[in-house]
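Okay, structure first, notes after.
Since we're looking at a predicted model, the values are computed, not measured. Note: hydrogens, waters and symmetry copies are ignored here, and every other heavy atom, side chains too, is used. Chain naming here is simple, since letters A, B, ... match the order of the sequence lines and numbering starts at 1 in each.
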There are 2 protein chains.
Amino acid sequence: MANPFGMETDRRSLSEQAYEAIREAILSLRLEPGRAVYENELANMLNMSRTPVREAVRTLLVEELIEVLPQRGMKVALISEKKVEEARFVRESLEVSALRAAIVGWHTNEWGARLKDEVQAALAAQRKSAETGDVLGFLEADEWFHRLLMAAADNRTLVSIVAQMRAHLNRVRTLSLQELKNVQTLIEEHEQLVSVLTAGDEERAVSLLTHHLRRLQQDVAVVRSQYPLYFRD
Amino acid sequence: MANPFGMETDRRSLSEQAYEAIREAILSLRLEPGRAVYENELANMLNMSRTPVREAVRTLLVEELIEVLPQRGMKVALISEKKVEEARFVRESLEVSALRAAIVGWHTNEWGARLKDEVQAALAAQRKSAETGDVLGFLEADEWFHRLLMAAADNRTLVSIVAQMRAHLNRVRTLSLQELKNVQTLIEEHEQLVSVLTAGDEERAVSLLTHHLRRLQQDVAVVRSQYPLYFRD
DNA sequence: TGAATTATACTTGTATTCAAGTCATGATAG
DNA sequence: CTATCATGACTTGAATACAAGTATAATTCA
């Protein structure tokens with residue numbers, strides 16, 4: 001056997017590894033908005049050639065997380081208020097629709113029981129991250145929670161689009177949560193949503209979720225005033 | 001000057017050209033669902049090397065229009081009933097939301113006047129394509145019409161996602177429209193929608209649009225029975 | 001004869017090489 | 001001193017070369 005220690009080499013292609021690594025670096029703001037990056041630089045960082053990096057960049061280009069200036073270089077996309085609001089709008093539309101489609105099965109079918117436990121786990125994880133001040137962990141738990149909400153709608157395409165929208169929203173959220181100020185409110189809204197959902201009040205649930213998802217709109221202006229260099233327009 | 005005749009060489013990158021060409025070939029069904037394709041084959045067809053083809057494929061992969069089987073080849077994605085319904089659901093959610101967001105300005109602001117003329121032009125184009133039996137032209141005019149509906153919402157992100165969803169829906173529609181049977185109904189629904197919209201009846205407009213967009217659900221089963229080899233699952 | 005094994009001819013994945021555009025720098029001509 | 005034009009050091013874009021996995025055909029051995 002070529003690999004007696006089971007030190008399994010990453011069997012994902014280098015392109016995928018590059019994609020995930022670069023994307024994560026952008027979303028976590030380790031690669032800050034507006035920063036110039038170069039294919040060679042990324043390739044060296046990731047110990048690979050330019051080829052897989054280029055393929056990863058190609059995907060990040062579609063997601064508008066990177067911009068390429070031909071023959072001049074690339075840069076991490078600046079945050080655009082317009083783009084953020086567009087993404088937020090799309091997310092609200094889809095997540096509300098998913099909630100409406102799923103609410104029937106929330107009680108009746110198999111989803112209900114299994115989901116409710118996991119929802120509690122997600123909430124617990126979020127509370128814990130809030131206590132320890134782990135912003136990144138908080139956002140992960142938040143994503144977990146919202147994914148569970150959508151799960152019952154059984155629409156992977158929808159979930160993946162929402163995830164794509166989240167990419168643009170998360171950079172704002174990461175910045176706005178630096179002081180972990182409003183996290184308590186967010187968690188409370190999650191809990192409220194769950195209780196209304198188990199009570200079966202569709203309209204109230206939709207209203208709560210809509211309100212919850214619009215909260216970001218206030219943050220944008222604040223964040224922009226704190227980090228003007230991260231913004232475009 | 002190197003080019004005295006103004007024979008402007010395509011200034012788009014080869015990657016982009018490849019992407020558009022391959023995508024168009026898939027959507028028009030010239031590359032039929034399930035057909036095996038190879039990077040070399042496509043590169044030869046397009047008179048370029050594998051490199052730009054690979055970059056194009058990378059994007060088509062994200063859109064789920066192509067599948068790659070490592071070290072074995074690629075194939076044009078089969079039509080999936082599940083995927084089609086997921087895409088249709090997403091489209092309905094977004095297009096309805098856009099309509100609701102835009103309906104206010106349909107009368108009042110600048111959009112109204114400019115749009116209405118173009119809407120009539122789009123409808124005319126659609127009627128003409130219906131007469132001449134031009135399926136591809138019909139779908140293009142249809143897309144034009146729906147783009148105009150969404151335009152007033154001023155959300156490019158939303159429009160681009162709907163366009164992505166349309167890719168999966170269009171293959172079904174292209175097949176179902178081969179006999180140009182229901183086109184009259186579709187056009188009439190468009191006209192109705194416009195008149196209700198100018199009348200300012202939001203709820204009725206939403207109801208009409210929803211109904212219009214759900215029409216595809218019936219077609220899928222019919223198309224599948226006619227072209228079973230194009231389907232997965 | 002038949003099953004296991006080795007060639008072989010494909011494929012995609014990745015690295016490397018070459019081409020061509022951009023920009024800053026500095027020499028050069030006026 | 002100023003404006004213009006080479007020059008060179010970058011960049012991304014694209015082509016080619018090489019590596020490695022897969023499936024099929026050919027071959028060997030029992």
Side-chain angles (χ1 to χ4, degrees), chain A residues 1-4 6-23 25-26 31 34-78, chain B residues 1-4 6-23 25-26 31 34-78:
Chain A
M1 184 196 277
N3 190 351
M7 285 262 299
E8 44 181 290
T9 64
D10 208 331
R11 65 176 53 55
R12 282 145 53 235
S13 72
L14 292 180
S15 305
E16 292 174 54
Q17 293 177 46
Y19 169 74
E20 286 167 25
I22 299 171
R23 187 174 195 271
I26 292 175
L31 286 179
R35 156 159 178 182
V37 289
Y38 304 95
E39 293 179 358
N40 271 322
E41 178 194 7
L42 294 173
N44 290 336
M45 281 181 180
L46 298 167
N47 272 20
M48 56 182 75
S49 81
R50 278 177 61 209
T51 306
V53 170
R54 275 182 67 82
E55 296 185 349
V57 165
R58 178 88 191 173
T59 304
L60 294 167
L61 210 58
V62 174
E63 299 185 54
E64 296 185 54
L65 289 176
I66 268 190
E67 288 173 33
V68 172
L69 305 86
Q71 266 71 23
R72 306 207 293 125
M74 313 185 297
K75 51 183 274 191
V76 178
L78 288 167
Chain B
M1 185 195 277
N3 190 354
M7 285 261 300
E8 45 181 292
T9 63
D10 208 332
R11 66 175 54 55
R12 283 143 53 235
S13 72
L14 292 182
S15 306
E16 292 174 53
Q17 294 177 46
Y19 169 73
E20 286 168 25
I22 299 171
R23 187 172 195 271
I26 293 176
L31 286 179
R35 154 158 180 184
V37 288
Y38 304 95
E39 292 178 359
N40 271 322
E41 179 195 6
L42 294 173
N44 290 336
M45 282 181 179
L46 298 167
N47 273 16
M48 55 181 75
S49 79
R50 279 177 58 210
T51 306
V53 170
R54 276 184 67 84
E55 294 183 352
V57 165
R58 178 90 191 174
T59 304
L60 295 167
L61 210 58
V62 174
E63 299 185 52
E64 296 185 54
L65 289 175
I66 267 190
E67 287 172 33
V68 172
L69 304 88
Q71 267 70 21
R72 306 207 295 123
M74 314 185 295
K75 51 183 274 191
V76 178
L78 288 167

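- Rounded to whole Å, atom P of D/dA9 lies 16 Å from atom CG of A/Asn40.
- Counting heavy atoms from C-beta outward, B/Arg54 and B/Thr51 have side chains that stay 4.5 Å or more apart.
- Contact annotation: the side chain of A/Leu65 approaches that of A/Arg23 to within less than 4.5 Å [non-hydrogen atoms, C-beta and beyond].
- Residues A/Lys75 and A/Gly34 approach most closely at CB-O, 4.1 Å, considering heavy atoms.
- We find that CG of A/Leu60 is positioned 16 Å from C1' of D/dT12, with the value rounded to whole Å.
- Among all heavy-atom pairs drawn from A/Ser49 and A/Val53, the shortest one is O-CG2, 3.7 Å.
- Taking atom NZ of residue B/Lys75 and atom P of nucleotide C/dT11, one finds them 17 Å apart after rounding to whole Å.
- Look at CD on B/Glu39: it is 16 Å from P on C/dC10, rounded to the nearest Å.
- An OP1 or OP2 oxygen of D/dT12 is reached within less than 4.0 angstrom by no side-chain nitrogen or oxygen of A/Arg50.
- In terms of position along DNA chain C, the nucleotide closest to A/Glu16 lies nearer the 5' end than the nucleotide closest to the other residue of the pair A/Arg72 and A/Glu16.
- Taking only distance into account, the side chain of A/Gln71 meets the base of D/dT12 through a donor-acceptor pair shorter than 3.5 Å.
- The separation between A/Tyr19 atom OH and C/dT14 atom P is 16 Å, rounded to whole Å.
- Summary of the strand contacts: A/Asn47 and B/Gly73 both lie near DNA chain C, and taking for each the nucleotide with the nearest heavy atom, the more 5' one is attributed to B/Gly73.
- Between the CD1 atom of B/Ile66 and the C1' atom of C/dT12 there is a distance of 13 Å, given to the nearest Å.
- Closest to the side chain of B/Ser13, from the set D/dG13, D/dT16, C/dT11, is D/dG13.
- The closest donor-acceptor contact from the side chain of B/Arg58 to the backbone of A/Glu55 lies under 3.5 Å.
- Taking 4.0 angstrom as the limit, B/Ser15 places a side-chain polar atom (N or O) nearer than this to OP1 or OP2 of D/dA14.
- Between B/Thr51 and the phosphate of D/dA14, there is no side-chain N or O to OP1/OP2 separation shorter than 4.0 Å.
- One interatomic measurement links the two molecules: CG of A/Leu69 to C1' of D/dT11, which rounds to 10 Å at whole-angstrom precision.
- The distance from atom CG of B/Leu14 to atom P of D/dG13 is 11 Å, rounded to the nearest whole Å.
- For A/Arg54 and D/dG13, the shortest distance from a side-chain N or O to OP1 or OP2 is below 4.0 Å.
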